[in-house]
Asks: 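I am attaching a structure below and will ask some questions about it afterwards.
In what follows, chains are A, B, ... by sequence order, proteins preceding strands, each numbered from 1. Atom set for the values below is all heavy atoms of this structure, side chains included, hydrogens, waters and symmetry mates excluded.
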Protein chains: 2
Amino acid sequence: MADVARQAEVSIKTVSRVVNDEEGVRPQTAAKVRAIIETLGFHRHEGASMLRKGRSTSIGLIVEDLGNPWYSQLAASMEREARSRQHFLLSVSAEGLPEREAELVDALVARRVEGLVVVPASSIPSEAIRRAALQLPVVCVDRPLPGLHADTVLSDNDGGTRSAVEHLAAHRHQHLGFLGDDAAIWTAQRRHTAFVQSYDSLGLPGRPRTALGPYAAGEVSDILQEWCSGTAPVTAVLTSNNRVTLAVIVAVRTLGLDLVVVGYDDFELAEFLDPPITVVHQDPAALGERAVQQIFARLDGDDAEPRTLVLPTRLIVRGSARRAARIGEGRSGDRARHTAS
Amino acid sequence: MADVARQAEVSIKTVSRVVNDEEGVRPQTAAKVRAIIETLGFHRHEGASMLRKGRSTSIGLIVEDLGNPWYSQLAASMEREARSRQHFLLSVSAEGLPEREAELVDALVARRVEGLVVVPASSIPSEAIRRAALQLPVVCVDRPLPGLHADTVLSDNDGGTRSAVEHLAAHRHQHLGFLGDDAAIWTAQRRHTAFVQSYDSLGLPGRPRTALGPYAAGEVSDILQEWCSGTAPVTAVLTSNNRVTLAVIVAVRTLGLDLVVVGYDDFELAEFLDPPITVVHQDPAALGERAVQQIFARLDGDDAEPRTLVLPTRLIVRGSARRAARIGEGRSGDRARHTAS
DNA sequence: TTGAAAGCGTTACCAC
DNA sequence: GTGGTAACGCTTTCAA
């Protein structure tokens with residue numbers, strides 16, 4: 001910037017004004033400065049700016065894995081929303097490890113993000129995030145962090161789960177199974193609980209078959225096979241997220257089971273599988289959008305008590321669960337066919 | 001840091017040494033400093049550090065859309081690779097707009113990323129990226145930027161396309177179609193050319209039917225319907241990427257066409273569609289990994305001429321294309337069935 | 001093993 | 001409209 005000032009024969013301050021599109025610079029002066037900036041290939045040093053201003057016009061996001069479509073949609077929508085306010089999104093993956101998450105919190109705070117959005121890896125707030133929450137707005141997405149003074153944006157796990165169970169029950173499925181992801185994941189637990197409650201409150205017979213991960217290789221297959229055999233075989237299963245849905249689809253197809261699958265989280269092409277997969281849809285993009293809006297609200301001075309926002313889910317019914325259970329029919333190996341009811 | 005120094009009754013420099021795990025601090029001094037850091041909730045200011053050091057231990061990535069699984073896998077693998085060298089990944093979406101890409105290049109350079117990886121939005125290097133390439137290592141991924149002094153990591157578009165066409169021809173498909181993505185995308189063009197060349201060199205009859213986007217709503221359906229009617233109907237189509245594959249699958253299923261689809265880019269569940277989809281698999285994670293390695297090689301002092309790396313593709317054969325063309329058979333509306341040949 | 005002081009590039013404040 | 005100067009928080013250099 002000093003170089004530019006020298007060449008343009010103006011002061012550093014004037015260059016700074018031009019770079020920041022500030023008022024009070026004669027157009028011709030500005031033009032000259034801009035020309036020099038161009039020829040010199042000058043780039044403002046954000047670090048220096050951050051240092052002086054004490055702010056960074058960026059917000060941070062910590063998820064489990066950016067490679068997972070659910071999280072990458074979250075990140076993409078947050079990026080859009082942040083950009084609408086001239087902010088940068090720094091998004092990183094903690095790989096489900098609380099200690100890595102803590103490191104990343106510190107790294108983002110060190111980069112002076114103005115707000116931090118986290119999909120927590122565990123249900124216990126780390127020291128790092130407690131400290132962070134004292135200095136800047138923190139928003140938990142998808143899973144809460146009890147005891148942390150932070151806003152929270154969740155989707156309606158209870159309602160979503162209930163809608164799936166009710167739908168299956170309405171189609172004469174009586175013996176349902178639930179396959180959750182890793183028990184350490186809050187949503188898996190939550191949906192598990194909601195599943196059992198819905199099962200009971202609907203007065204479905206017997207006890208619900210449920211399992212929680214993490215699953216060893218082939219374990220999902222084993223579980224399904226067991227559930228599908230015996231005197232009261234399961235005719236439909238609900239999963240707790242896209243990862244498990246995938247494993248279940250693979251198992252069902254590999255084993256040739258006649259099993260209705262309802263997934264948590266929508267995914268591309270779900271409609272075109274055979275049978276099509278009904279899903280509980282929660283919109284990660286909407287979650288991300290609200291989270292960023294929450295951050296900005298706080299930055300704009302909103303200092304009310306922490307809020308929890310619960311976004312609705314939507315049951316997307318596809319062939320898989322419209323197909324009613326065929327009570328008393330022979331359950332041989334004949335392949336599931338899309339049969340609208 | 002000054003606060004910490006005061007409280008710990010040491011100099012700022014000593015605190016700095018502790019924070020950076022430098023040698024030459026008595027363990028007890030270090031312990032005391034660390035304790036104060038903890039109680040004060042001190043966080044090193046990366047901006048100030050960057051300013052003084054002139055480096056940022058971060059690298060930048062510009063893609064089209066982080067929400068697209070292909071790009072998010074690229075980003076995830078780059079993040080892993082960067083972390084293995086203690087670097088941060090700043091990943092942003094340009095939404096396919098060259099002017100936004102230019103802005104983002106400047107924004108990342110302003111943040112003093114040490115290297116920049118770009119999936120270029122157009123084939124013409126912007127001024128911004130030209131300037132950037134003079135100051136730091138730039139790597140183009142997936143698409144080249146002719147005339148830019150930068151390393152490039154591509155996947156083998158010609159080979160991948162040829163493998164798909166040869167595979168189809170070997171299964172007696174004679175009338176093939178190619179549906180490319182937006183003509184502005186280099187890979188779409190490239191695969192289009194390779195498709196036509198393969199078609200000719202294999203001596204397939206007639207002229208290859210091809211189309212390039214962008215497609216209006218419903219246009220893909222119209223094109224396919226036209227190709228599938230007439231005297232020499234197309235029996236198989238190749239797409240140029242996952243976006244088009246999706247549109248084609250939707251159209252094929254909606255129209256009930258009896259058409260073999262080979263996709264470019266693998267995707268989850270491709271195996272379980274009916275019919276299963278054969279794909280040309282290119283590993284975005286591998287591309288990302290190599291790109292980051294290239295950046296680090298340059299940072300480590302490698303100053304050879306720019307290199308272009310071409311990674312191989314792999315044809316993943318699934319039922320869709322194993323199914324041979326049924327020459328002379330009636331082509332009524334009967335639904336495609338998985339028929340191994 | 002520890003410390004003092006200079007300086008990185010920018011912006012805020014005030015003066016002209 | 002424009003310019004000088006201090007200060008942001010850190011690391012480098014050099015000295016103790």
Asks: Start at the 5' end of DNA chain C and walk down; is the nucleotide closest to A/E46 or to B/T14 reached first?
Replies: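 The residue closer to the strand's 5' end, by nearest nucleotide, is B/T14.
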
Asks: Would you say A/S16 places a side-chain N or O within less than 4.0 Å of OP1 or OP2 belonging to C/dT11?
Replies: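 Yes, A/S16 has a side-chain N/O under 4.0 Å of OP1/OP2 on C/dT11.
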
Asks: Under a 4.0 Å threshold between the charged nitrogen and the carboxylate oxygen, would B/D300 count as salt-bridged to B/R85?
Replies: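 Looking at B/D300 together with B/R85, the answer is yes, because their closest N to O distance falls below 4.0 Å.
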
Asks: Measure CE/A/M1 against C1'/C/dG7 and give the value in whole Å, please.
Replies: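 It works out to 16 Å between those atoms.
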
Asks: Consider only side-chain N and O atoms of B/T57 and B/Q86, and report whether a donor and an acceptor are under 3.5 Å apart.
Replies: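 Per modelled atom types, B/T57 and B/Q86 side chains form no pair under 3.5 Å.
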
Asks: At 4.0 Å (heavy atoms only), tell me whether A/R44 reaches a base, stays on the sugar-phosphate, or touches nothing.
Replies: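 Sugar-phosphate contact only - A/R44 comes under 4.0 Å of backbone atoms but never of a base.
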
Asks: Quickly work out the B/M50 CE to D/dT11 P distance and round it to whole Å.
Replies: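 So the CE-P distance, B/M50 to D/dT11, works out to 13 Å.
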
Asks: Taking NE2 from A/H43 and C1' from C/dT10, how many angstroms apart are they, rounded to a whole number?
Replies: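 That distance rounds to 16 Å.
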
Asks: Could you tell me the separation between the OG atom of A/S155 and the CZ atom of A/R290, rounded to the nearest 0.5 Å?
Replies: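 If we round to the nearest 0.5 Å, A/S155:OG and A/R290:CZ are 13.0 Å apart.
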
Asks: Of B/R112 and B/A30, whose closest DNA chain C nucleotide lies nearer the 5' terminus?
Replies: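 That would be B/A30.
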
Asks: Check whether any side-chain nitrogen or oxygen of B/R26 sits under 4.0 Å from OP1 or OP2 of C/dT2, and answer yes or no.
Replies: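 So the side-chain polar atoms of B/R26 do come within 4.0 Å of the phosphate oxygens OP1 or OP2 of C/dT2, strictly under.
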
Asks: Ignoring hydrogens and geometry, is there a side-chain-to-backbone donor-acceptor pair from B/T152 to B/T308 under 3.5 Å?
Replies: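 Not confirmed, B/T152 side chain does not pair with B/T308 backbone.
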
Asks: What does B/V10 touch in the nucleic acid at a heavy-atom separation under 4.0 angstrom: a base, only the sugar-phosphate, or nothing?
Replies: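 Sugar-phosphate, backbone atoms only, no base.
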
Asks: Measure the distance from CD on B/E9 to P on C/dG3 and round it to the nearest whole Å.
Replies: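 Value for this atom pair: 10 Å.
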
Asks: Once you round it to whole Å, what is the distance between P of C/dT11 and CD of A/E22?
Replies: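 My rounded result for the distance is 8 Å.
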
Asks: Report the residues that fulfil ring-ring contact (aromatic ring centres under 6.0 Å, His included) with A/F296, sequence neighbours left out, ordered by chain and then residue number.
Replies: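 Testing A/F296 for ring-ring contact (aromatic ring centres under 6.0 Å, His included), a comparison that skips the adjacent residues, returns A/H87.
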
Asks: Once you round it to whole Å, what is the distance between C1' of D/dG9 and CZ of A/R111?
Replies: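 My rounded result for the distance is 16 Å.
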
Asks: Rounding to a whole Å, what distance do you find between A/R55:CZ and C/dT10:P?
Replies: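 The answer, rounded to whole Å, is 17 Å.
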
Asks: Compute whether any side-chain donor of one residue and acceptor of the other, for B/N241 and B/D181, lie under 3.5 angstrom apart.
Replies: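 The answer is yes; a qualifying pair exists.
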
Asks: Looking only at side-chain atoms of A/H45, point me to the closest of C/dT10, D/dG1, D/dT11.
Replies: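 Nearest listed nucleotide: C/dT10.
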
Asks: Consider the side chain of B/S49, meaning its heavy atoms from C-beta on, and name the nucleotide among C/dG3, C/dT11, D/dT11 that approaches it most closely.
Replies: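 My answer, after comparing the listed nucleotides, is D/dT11.
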
Asks: List, with names and distances, any nitrogen or oxygen atoms from the protein found under 3.5 Å away from nitrogen or oxygen atoms belonging to nucleotides 5-8 of chain D.
Replies:
residue : atom : partner : partner atom : Å
D/dA7   : N3   : A/R52   : NH1          : 3.1

Asks: Rounded to the Å, how far apart are B/R6 CZ and C/dG3 C1'?
Replies: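 Rounding to the nearest Å, CZ of B/R6 and C1' of C/dG3 are 15 Å apart.
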
Asks: Report yes if the side chains of A/R190 and A/R143 come closer than 4.5 Å at any heavy-atom pair, otherwise no.
Replies: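 Of all side-chain heavy-atom pairs linking A/R143 with A/R190, none is under 4.5 Å.
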
